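These numbers were taken from a predicted model, which means no experiment stands behind them. Letters go in sequence order (proteins before strands), and every chain restarts at 1.
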2 protein chains.
Amino acid sequence: MNISTRFAVAIHILALLEINKGDKNTSEWIAGSVGTNPVVIRRITSMLGKAGLIEVRPGVAGAKLARAAGEITLLDIYLAVDAVGQDSLFAVHDHPNPDCPVGQNIAGAILPVFSLAQQAMEDVLRKVTLEQIASQIPV
Amino acid sequence: MNISTRFAVAIHILALLEINKGDKNTSEWIAGSVGTNPVVIRRITSMLGKAGLIEVRPGVAGAKLARAAGEITLLDIYLAVDAVGQDSLFAVHDHPNPDCPVGQNIAGAILPVFSLAQQAMEDVLRKVTLEQIASQIPV
DNA sequence: CCAACTTGTAACTACGTTAGTTACAGGTTG
DNA sequence: CAACCTGTAACTAACGTAGTTACAAGTTGG
């Protein structure tokens, strides 16, 4: 299993908004760069808007960053598009047998490790800003 | 999206084998502790066997660890059960527009970060052994 | 040697998530 | 007011997971 392309597409969209400042970045135009359908873009910009990362208004073409690219981290984007859902990155089976010592204690033994592993991944994303990504794209 | 319970169930199975050394750990018995169907267990023990983590033989009840619990890491198990598939943990959209500077360069800009994030997560799993998990389960 | 048991695996179902699509309501603007 | 946009519902197809039944093939004790 892997994390949905929503996350990568969201980064793509925000990088576009940063680089094409001032132009009219309609969902149709963005879709042309991403290689998908405008509705897919609008679904994601809607999530980014609700998370406060961009400003979008119904009826008004385009969108723009709500704050500087240097102050938007990949973790912000990851959270905005619900990249791993509300659950943990790691799923644990629901009904271990409480009458078995292992069944009773396995969740308690592995959940802390799972949590640390997920945090380590998210910490990497927290340290990278949209500006750092955009700076790698030639104008 | 999250990592399949196969991973957590595999850890559960191996912890059982470590703790119930000597007993006959049939797939049916293990299924009782995990709270699932014996076939689900056999599917996973088959993967663990192919990865060389346990010894199983058709027709012979039970399974046992192929090496000491202190020498089996959670990363070994994670890889054995194909927890994130053969692809990266993070998916990237397939058809960005090569005629757009962003479309052309976005993958190159984000893949290294995705790779680092995945590695950070896997490094945590590498540092935890099955023995450490099993030691948290009272006998 | 055979009856009882086991593993390995195919095949099927049900479910949830994703991505793509069409359609349309409602906001905006020249 | 006409032309354009966003937001979102609804539907489809594809894919992975988990659970299940069924059965072939291996093993073992009496």
When the distance from CD of E28(A) to C1' of dT21(C) is rounded to whole Å, what number comes out?
14 Å

Salt-bridge test for R67(B) and D76(B): reply yes if a basic N is under 4.0 Å from a carboxylate O, no otherwise.
yes

Along DNA chain C (nearest heavy atom to each residue), the more 5'-positioned of H95(B) and S27(B):
S27(B)

Between P on dT6(C) and NZ on K64(B), what's the gap in Å once rounded to a whole number?
19 Å

When rounded to whole Å, the CD1 to C1' distance for the pair I41(B) and dT9(C) reads 16 Å

Measuring from the side chain of V40(A) (C-beta onward, heavy atoms only), which nucleotide among dT20(D), dG20(C), dT8(D) has the closest atom?
dG20(C)

Integer-rounded Å distance: dG20(C) C1' and R6(A) CZ
14 Å

Could you state the atom-to-atom distance from CG of N25(B) to P of dT6(C) in whole Å?
12 Å

Check whether the side chains of T36(A) and H93(B) place a donor and an acceptor atom closer than 3.5 Å, and report yes or no.
no

When the distance from CD1 of I3(A) to C1' of dG16(D) is rounded to whole Å, what number comes out?
16 Å

So if I take every side-chain heavy atom of V39(A) and compare against dA9(D), dA18(D), dA19(C), which nucleotide ends up nearest?
dA9(D)

Just wondering, do Q104(B) and P96(B) contact through their side chains at under 4.5 Å, heavy atoms?
no

Any chance CD of Q136(B) has more than 12 other-residue heavy atoms, nucleotides or ligands included, within less than 6.0 Å?
yes

Proximity to the side chain of N37(B) - top-ranked nucleotide from dT18(C), dT20(D), dT6(D):
dT20(D)

Can you confirm whether I41(A) sits close enough to I13(A) that some side-chain heavy atom of one is under 4.5 Å from a side-chain heavy atom of the other?
yes

Using 30° and 60° as the class limits, which term best fits the ring planes of F7(B) and F90(A): parallel, tilted or perpendicular?
tilted

OP1 or OP2 of dA19(C) sitting under 4.0 Å from any side-chain N/O of T36(A)?
no

Want to settle it: does A83(A) or A63(B) sit nearer the 5' end of DNA chain C, counting the closest nucleotide to each?
A63(B)

Could you tell me whether the side chain of K64(B) reaches within less than 4.5 Å of the side chain of I54(B), counting heavy atoms only?
no

Value for CG (L14(A)) from CD1 (I106(B)), rounded to nearest 0.5 Å, stands at 9.5 Å

Measuring from the side chain of A61(B) (C-beta onward, heavy atoms only), which nucleotide among dA23(C), dT6(C), dG7(D) has the closest atom?
dT6(C)

Where along residues 42-55 of chain A does a heavy atom come under 4.0 Å from DNA chain D, residue by residue in number order?
R42(A), R43(A), T45(A), S46(A), K50(A)

Mind calculating the distance between CG (N2(B)) and P (dC15(D)) to the nearest angstrom?
20 Å

What string of B, S and - do you get for nucleotides 25-30 of chain C, 5' to 3', when a contact is any protein heavy atom under 4.0 Å?
--BSS-

Backbone N/O of L89(B) and side chain of Q118(B): donor-acceptor pair under 3.5 Å
yes

